[in-house]
**Q** 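I'd like to ask some things about the structure below.
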Amino acid sequence: MSEKTTPSKLFLLPVVLITACLSGLAGWGGAYLALSGQPVPAVQQEAWPGSSYQGVSTAAARDETGALSIPEIVQLAGPSVVEITTETVKTDLVMRQYISGGAGSGVIIAQDGYIVTNYHVIDGARRISVTTHDGRNFEAKVVGKDPQTDLAVLKVEAAGLRPAVFGDSDKLVVGELAVAIGNPLGELGGTVTEGIISALNRDIIIDGQTMNLLQTSAAINPGNSGGGLFNSKGELIGIVNAKSSGLGIEGIGFAIPSNTVQDIAWQLVEYGYVRGRVEVGVTLVDIADVRAAMLYGVPRLGVYVISVLYEDTGFQPGDRIVSVEGREINSSKEFKNIISGYKVGDNLKVVVQRGRSFIELQVTLREAQGRR
């Protein structure tokens, strides 16, 4: 794997899945595109919230079905896919900090600089750079992020970019053409691979989070994460975020359906987070070994509160989470998975250990503001 990749863990039995760290999504937008010397008909689409874009989007119509050749799909959709590079501060085993480089892809969703990518591509990055199809470089800021769907929206100060067109992923059928465009290995921006839609509605577990994804046979490699998956009309139908890996395994890649991308990206642009998600207002850390316990100065392994966002939660830094609604907690992911099954305003019974005492707290769930 390239030194530039920023992998994310993915598990699917009977194979082990690893994230294809780097790639690009697609949105909508645009202008006229000349294919074989002919302009492609355009359709009007709504502007993104907060965006000055009010133009027309590229829409393909080469025959009665609107199908294009693969070169035409690339001409239409390729300029909407960007390369992303990141810098992240990491800490080694002896607590020394160093800078780690990462790479991925993204897709332009508004001509004034909104770009969608995977959350895991930009997770923890202190610096994010974007390179467009025509070679321009921009510094990017994070507008919003959603770890649950592995999506994030970036913004660059640019104008006249070519947004991608969203297709309707609910209308996909198994066997139709799928074209992936991205930045494999973090060094091969604009790479095109083709295949088919292999399956719909695959429930895949990534970092302990179950995601509903499209499966494709288009070749996916580290660096494709965040890249676009396009149909025969050049429309974005998915955001590449994972591949299957293992001895003798080929042709199994996954993408976030475009309808999910469209909904989540819109909310991230409008609000900076996805509305309706819940949190209890604490930051947790997993103490899973003796070394970590010594580092944090705690007497036993477990899930600990390291900071409290709201004073009225009843939690205190140093509390060990014992159970939620009677269910024992062994990891922060278990804690988050349990509370995700409730809604804003619900009250939960949480038992914590504070010193030698066990304390029962009544916790009211709040709307999460985009924190992990």
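The figures that follow rest on heavy atoms only: side chains count, while hydrogens, waters and symmetry mates do not.
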**Q** Checking Gln262 side chain against Ser258 main chain: does a donor-acceptor pair fall under 3.5 Å?
**A**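 Such a contact is absent between Gln262 side chain and Ser258 backbone.
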**Q** Salt bridge between Arg366 and Asp346, side-chain N to carboxylate O under 4.0 Å?
**A**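 Not counted as a salt bridge, because no side-chain N and carboxylate O are separated by less than 4.0 Å.
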**Q** Is it true that a side-chain atom of Asp150 and a backbone atom of Asn118 form a donor plus acceptor pair closer than 3.5 Å?
**A**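 No: the side chain of Asp150 does not pair with the backbone of Asn118.
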**Q** Tell me, please, which residues at least two apart from Lys349 pass salt bridge (charged side-chain N to carboxylate O under 4.0 Å, His left out).
**A**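 Partners of Lys349 by the salt bridge (charged side-chain N to carboxylate O under 4.0 Å, His left out) criterion come out as none, since no residue qualifies.
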**Q** Asp123 vs Lys145, test: side chain to side chain contact (heavy atoms under 4.5 Å, CB included). Steps then yes/no.
**A** CA-CA 9 Å; Asp123 181 21; Lys145 55 190 177 181; 5.7 Å; no
**Q** Under 4.0 Å between a side-chain nitrogen and a carboxylate oxygen: does that hold for Glu139 and Arg127?
**A**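 Looking at Glu139 and Arg127, the cut-off is met.
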**Q** Any non-hydrogen side-chain atom of Thr117 less than 4.5 Å from a side-chain atom of Ile122?
**A**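 Thr117 vs Ile122: side chains touch.
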**Q** Under a 3.5 Å distance rule, please check whether Ser169 uses its side chain to pair with a backbone N or O of Asn259 as donor and acceptor.
**A**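 Yes, the answer is positive, given that a donor and an acceptor are paired below the 3.5 Å cut-off.
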**Q** Cluster partners of Phe358, using ILVMFWY side-chain heavy atoms under 4.5 angstrom, listed by chain and number?
**A**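 Joined to Phe358, directly or through intermediates: Val322, Val351.
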**Q** Between CG of Asn241 and CG of Leu151, what distance do you get to the nearest 0.5 Å?
**A**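 It comes to 8.0 Å.
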**Q** Give the intermediate values and the outcome of side chain to side chain contact (heavy atoms under 4.5 Å, CB included) for residues Asp146 and Arg277.
**A** CA-CA 10 Å; Asp146 183 44; Arg277 301 275 172 76; 2.3 Å; yes
**Q** Quick check against the 3.5 Å criterion: does Thr216 have a side-chain atom that pairs as donor or acceptor with the backbone of Ile197?
**A**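 Pair absent, no side-chain N/O of Thr216 close to backbone of Ile197.
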**Q** Is a donor on one side and an acceptor on the other found under 3.5 Å between the side chain of Asn231 and the backbone of Lys233?
**A**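 Flag set: sc Asn231 to bb Lys233 pair under 3.5 Å.
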**Q** As a quick check of understanding, evaluate side chain to side chain contact (heavy atoms under 4.5 Å, CB included) for Ile306 and Leu284, giving each step before the final call.
**A** CA-CA 6 Å; Ile306 59 173; Leu284 303 176; over 6 Å; no
**Q** May I ask you to establish whether Arg275 and Tyr271 are in a cation-pi arrangement, using a distance under 6.0 Å from NZ or CZ to the six-membered ring centre and at most 45° from the ring axis?
**A**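 Verdict for Tyr271: a cation-pi partner in Arg275.
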**Q** With the side chain counted from C-beta on, respond yes when Ser323 and Phe335 share a heavy-atom pair under 4.5 Å apart, and no when they do not.
**A**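 Not touching, per the 4.5 Å side-chain cut-off.
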**Q** Would a distance-only check, ignoring hydrogens and angles, find a side-chain to backbone donor-acceptor pair under 3.5 Å from Thr132 to Arg136?
**A**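 Yes; at least one donor-acceptor contact below 3.5 Å.
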**Q** Do Asp203 and Asn212 have side-chain N/O donor and acceptor atoms under 3.5 Å apart?
**A**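 A pair is found: one side chain offers a donor N or O, the other an acceptor, under 3.5 Å apart.
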**Q** With a 4.5 Å cut-off on side-chain heavy atoms, are Ile237 and Leu172 touching?
**A**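 Yes, their side chains come closer than 4.5 Å.
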**Q** Given the rule in the side chain to side chain contact (heavy atoms under 4.5 Å, CB included) test, do Gln316 and Asp319 qualify, once you have shown the distances and angles that lead to the verdict?
**A** CA-CA 6 Å; Gln316 293 183 11; Asp319 287 348; 3.9 Å; yes
**Q** Under 3.5 Å, is there a donor-acceptor pair between the side chain of Ser198 and the main chain of Ser217?
**A**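 Yes: the side chain of Ser198 pairs with the backbone of Ser217.
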**Q** Strictly by modelled atom types, are Asn337 and Ser340 linked by a side-chain donor-acceptor pair under 3.5 Å?
**A**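 No pair is found: no donor N or O on one side chain lies under 3.5 Å from an acceptor on the other.
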**Q** With a 4.5 Å limit on heavy-atom distance, are the side chains of Ile115 and Val82 in contact?
**A**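 SC-SC contact between Ile115 and Val82 confirmed.
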**Q** How many angstroms lie between CG in Leu236 and CG in Asp168, if you round to the nearest 0.5 Å?
**A**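 Those atoms lie 11.5 Å apart.
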**Q** Please name all residues satisfying side chain to side chain donor-acceptor pair (under 3.5 Å) with Asp289, sequence neighbours left out, ordered by chain then number.
**A**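 Side chain to side chain donor-acceptor pair (under 3.5 Å) check on Asp289 returns nothing, list empty.
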**Q** Are the side chain of Lys155 and the backbone N or O of Asp112 linked by a donor-acceptor pair below 3.5 Å?
**A**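 Answer holds: yes.
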**Q** Is there a path of hydrophobic side-chain contacts, each under 4.5 Å between heavy atoms of I/L/V/M/F/W/Y residues, joining Leu177 to Ile196?
**A**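 No, because Ile196 and Leu177 fall into different hydrophobic clusters, even though each may have its own neighbours under 4.5 Å.
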**Q** What's the spacing between Ile359 CD1 and Phe315 CZ if we round to 0.5 Å?
**A**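 CZ of Phe315 is found 11.0 Å from CD1 of Ile359.
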**Q** Is there side-chain contact between Ile128 and Ile84, with at least one heavy-atom pair below 4.5 Å?
**A**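 Yes, at least one pair of side-chain atoms sits under 4.5 Å.
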**Q** Atom CG of Leu68 and atom CD of Glu235: how far apart are they, to the nearest 0.5 Å?
**A**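 It comes to 9.0 Å.
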**Q** Keeping the roles fixed (side chain from Gln267, backbone from Ile264), state whether a donor-acceptor pair exists under 3.5 Å.
**A**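 No.
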**Q** State the CE-CD1 distance between Met211 and Ile205, to the nearest 0.5 angstrom.
**A**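 One gets 12.0 Å once the value is rounded to the nearest 0.5 Å.
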**Q** Under 4.5 Å between any side-chain heavy atoms of Val350 and Val280, yes or no?
**A**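 SC-SC contact between Val350 and Val280 ruled out.
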**Q** Counting C-beta onward and ignoring hydrogens, is there a side-chain heavy-atom pair between Asn347 and Tyr342 closer than 4.5 Å?
**A**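 Side-chain contact under 4.5 Å: no.
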**Q** State, without any angle test, whether Tyr119 and Gln148 hold a side-chain donor-acceptor pair at a distance under 3.5 Å.
**A**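 Checked: Tyr119/Gln148 side chains show no N/O donor-acceptor pair below 3.5 Å.
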**Q** Any side-chain to backbone donor/acceptor pair from Asn183 onto Leu188? Under 3.5 Å, distance only.
**A**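 Yes, because the side chain of Asn183 sits within donor-acceptor range (under 3.5 Å) of the backbone of Leu188.
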**Q** With a 4.5 Å heavy-atom cut-off, do Ile338 and Arg327 have their side chains touching?
**A**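 Answer yes - side chains close enough.
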**Q** Around Glu311, counting heavy atoms of other residues, nucleotides and ligands shown, do more than 12 lie under 6.0 Å from its CD?
**A**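 Counting other residues, nucleotides and ligands, CD of Glu311 stays at 12 neighbours or fewer.
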**Q** Are Tyr304 and Gln353 linked by a side-chain donor-acceptor pair shorter than 3.5 Å?
**A**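 Absent: no donor and acceptor within the cut-off.
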**Q** Are the charged groups of Asp286 and Lys333 less than 4.0 angstrom apart, N to O?
**A**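 Salt bridge absent between Asp286 and Lys333.
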**Q** From Ile252 CD1 over to Arg202 CZ, what is the distance, rounded to the nearest 0.5 angstrom?
**A**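 If we round to the nearest 0.5 Å, Ile252:CD1 and Arg202:CZ are 8.5 Å apart.
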